[in-house]
Colleague: 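Have a look at this one.
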Amino acid sequence: MNHDPYVWGRPDDAVYGAYNHAIANASSHGNVQEETSFPKMNSQQPIITGTSVNSIKFKDGVIVAADNMGSYGSLLRFNNIERIFKVGKETVVGVSGDISDFQQIQRLLDELEITEEIYDNDGGHNLRAPNVHEYLTRVLYNRRSKMDPLWNAVVVAGFNDDKTPFLRYVDLLGVTYGLSAICTGFGAHLAIPLLRQLVPDDKDYQNVTEEQAREAIINCMKVLFYRDARSSDKFTLVTLKQGQPPKFEKDLRCENQNWRFAKDLVGYGSTQL
Amino acid sequence: MFRNNYDNDSITYSPTGRLFQVEYALEAIKQGSAAVGIASKTHVVLVALKRNAEELGSYQKKLIKIDDHMGIALAGLAPDARVLSNYLRKQAMNLKMVFNRPILTQRAVLQIADKAQENTQLYGSRPYGVGLLVAGYDETGAHLYEFQPSGLVLEYYGAAIGARSQAARTYLERTLEEVREVTDVESLIVHGLNALRDTLAQDVELTLRNTSVAVVGKDTSFKIYEDDEVTQWLEKLDLVSNARSRDDGADGDEETAEGDAPQPENPDADAGAAADADDTRMETDE
């Protein structure tokens, strides 16, 4: 006996021959393969991707940077993707991973901003960074629980209710953590050690000045451009400072590049040992 | 019984531009026993008079907790209030889960107002027959709102709804300035009870059985006090002021109807007119 419930109650092919799907167009496409295959599939991998988002807290704010590349596999397909955007007055969200899912997140947050406005008659009680982050966590975890994740790693930067800097991560699984320096993707390997030199301990961000933080982040962008083959040297850097609207600097370039180290690289496309 | 062609449903206007079913719903609030709310700068107090259907029966609950920072007092159809309070609780919990912060009092009250307004625009539905006082403390401070089944929502420093609530409103108008400066919760509660006592009929007294008190405010989560817990404040009620107030209340009950309870913002002109109309009708009913 065949123990697969799928075939219970069906005429046995060995006795009656295979079912003729052409009869009365009984099946969806007359395609046996499709009928017996897995019924539904959601995204199994990102398609157009954005690489790392790098961020660090300083004494009275946060800096977030991400390059403008949208890659299709290893093809550097788009070079004008802005992956950092503003939510409300004093919060920014940086997104890496699938670009179409990023655009979906952007739509959700725009919609959220509008609905929040409706119930905010006297103004000034917009969602702050912790609320935006919690919302995104719910959205991403909900999608992963439907086995249909939004394929992103997201960094939310802004301010807490008590005006201290806020920086927190959430990804496609709904995993979240907060730190003084957060990088996604390749940056989590390459940039984090550089940023940790400034903030070896989580509370050390209080001793970091804006200039130090900015210099460190720009250095990270350069190192990532050297080593991350999905990155570009054109990037956007956002500075959040207490009591000021977020400052967006677009089309920044990695300056003073020095590729002399490249001749010593071994393997992949370069000379073999 | 007079015949009215324009009150068969809640969505048809009369030629004079009134929605009779909605106005009847506002009358239902006046059938309920009184509830009073006052807000100081840091706290909001709700006090309410409970009624029992018969001597051996229990008293109808008048105060309902929504969340740690918010609660309501009701006057009118209690089952309708339960539906609204369940909705509010759901909203409060959902917001806490999604945004990790307590729901703003204003947002909560506007959401039930939207819900109530739908009933005035759908054929075959009935407006809620209950008025609510919504008290809350959130990041924007202490707030007291009045909710009406018409979907009208106004913020107040002091408000009273339910049977003979005009007397309480008169007391609140007289003591407004004093109340706004009050810093301790105790005297805020006593003011609330004084106002509530003014609404009583001749042969009724405030007792630990029929009095409910609730407080919410800065560093104070919403708490309802009933039975033995309210004796501490009933003992503080001043007998002299009681007698005086009751005289005023008896004379001035309907005459002072044009004075709305004190509000933080300019009262909506239409709302004032509606209140006047209600009070005149009430006279004819009695």
Side-chain angles (χ1 to χ4, degrees), chain A residues 87-91 93 104-105 107-146 150 154-164 166-170 174-178, chain B residues 39 41 66-70 84 87-88 90-118 132 134 136-148 151-157 218-219 263-268 271:
Chain A
V87 181
K89 289 193 179 67
E90 48 165 42
T91 304
V93 174
Q104 175 68 11
I105 287 176
R107 275 193 287 274
L108 284 174
L109 288 174
D110 285 348
E111 214 170 280
L112 177 70
E113 221 180 309
I114 291 165
T115 46
E116 283 298 301
E117 200 80 6
I118 293 171
Y119 288 105
D120 189 18
N121 277 5
D122 47 350
H125 311 295
N126 296 327
L127 293 173
R128 280 184 292 276
N131 314 121
V132 172
H133 178 269
E134 190 72 22
Y135 174 79
L136 279 178
T137 307
R138 296 282 82 85
V139 169
L140 291 169
Y141 180 69
N142 180 258
R143 289 294 296 264
R144 86 104 224 197
S145 299
K146 288 178 181 161
L150 291 170
V154 182
V155 173
V156 180
F159 296 94
N160 289 307
D161 294 352
D162 62 3
K163 313 271 192 238
T164 53
F166 174 94
L167 186 60
R168 212 169 160 82
Y169 166 99
V170 56
V175 172
T176 86
Y177 58 85
Chain B
K41 280 163 187 154
I66 302 297
D67 200 346
D68 282 339
H69 69 296
M70 188 162 68
L84 287 171
Y87 180 75
L88 275 177
K90 240 192 291 184
Q91 291 296 324
M93 273 197 297
N94 186 47
L95 239 91
K96 205 187 274 182
M97 186 188 82
V98 174
F99 297 117
N100 192 22
R101 71 170 177 185
I103 190 170
L104 287 184
T105 320
Q106 173 180 264
R107 182 186 179 129
V109 76
L110 285 178
Q111 282 186 335
I112 48 168
D114 289 355
K115 193 172 155 68
Q117 195 276 341
E118 277 179 22
L132 303 178
V134 182
Y137 182 83
D138 52 45
E139 61 178 85
T140 64
H143 295 286
L144 172 67
Y145 293 92
E146 184 190 341
F147 157 85
Q148 290 189 347
L152 186 76
V153 163
L154 288 170
E155 186 171 3
Y156 289 90
Y157 289 151
K218 192 165 190 284
D219 305 323
Q263 306 168 187
E265 286 144 4
N266 286 335
D268 190 315

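All heavy atoms count here, side chains included; hydrogens, waters and symmetry mates do not. Just so it is clear, the model here is predicted, and its values are computed rather than measured. Just so we're on the same page: letters track the sequence lines, and every chain starts at 1.
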Colleague: Below 4.5 Å from any heavy atom of chain B, which atoms of A:L127 appear? Answer side chain, backbone, both or neither.
Modeller: both
Colleague: Could you pull out all residues at least two apart from B:D68 that satisfy side chain to side chain contact (heavy atoms under 4.5 Å, CB included)?
Modeller: B:K65, B:S221
Colleague: Compare every heavy atom of A:R138 with every heavy atom of B:M97, then report the nearest pair and how far apart it is.
Modeller: O-NH1, 3.5 Å
Colleague: Taking atom OH of B:Y87 as the centre, does the number of heavy atoms from other residues, nucleotides or ligands within less than 6.0 Å exceed 12?
Modeller: yes
Colleague: For B:N100 and A:N131, work out which heavy atoms get closest and say how close.
Modeller: O-ND2, 4.2 Å
Colleague: Would you check if A:Y119 and B:D114 make a side-chain contact, meaning some heavy-atom pair closer than 4.5 Å?
Modeller: yes
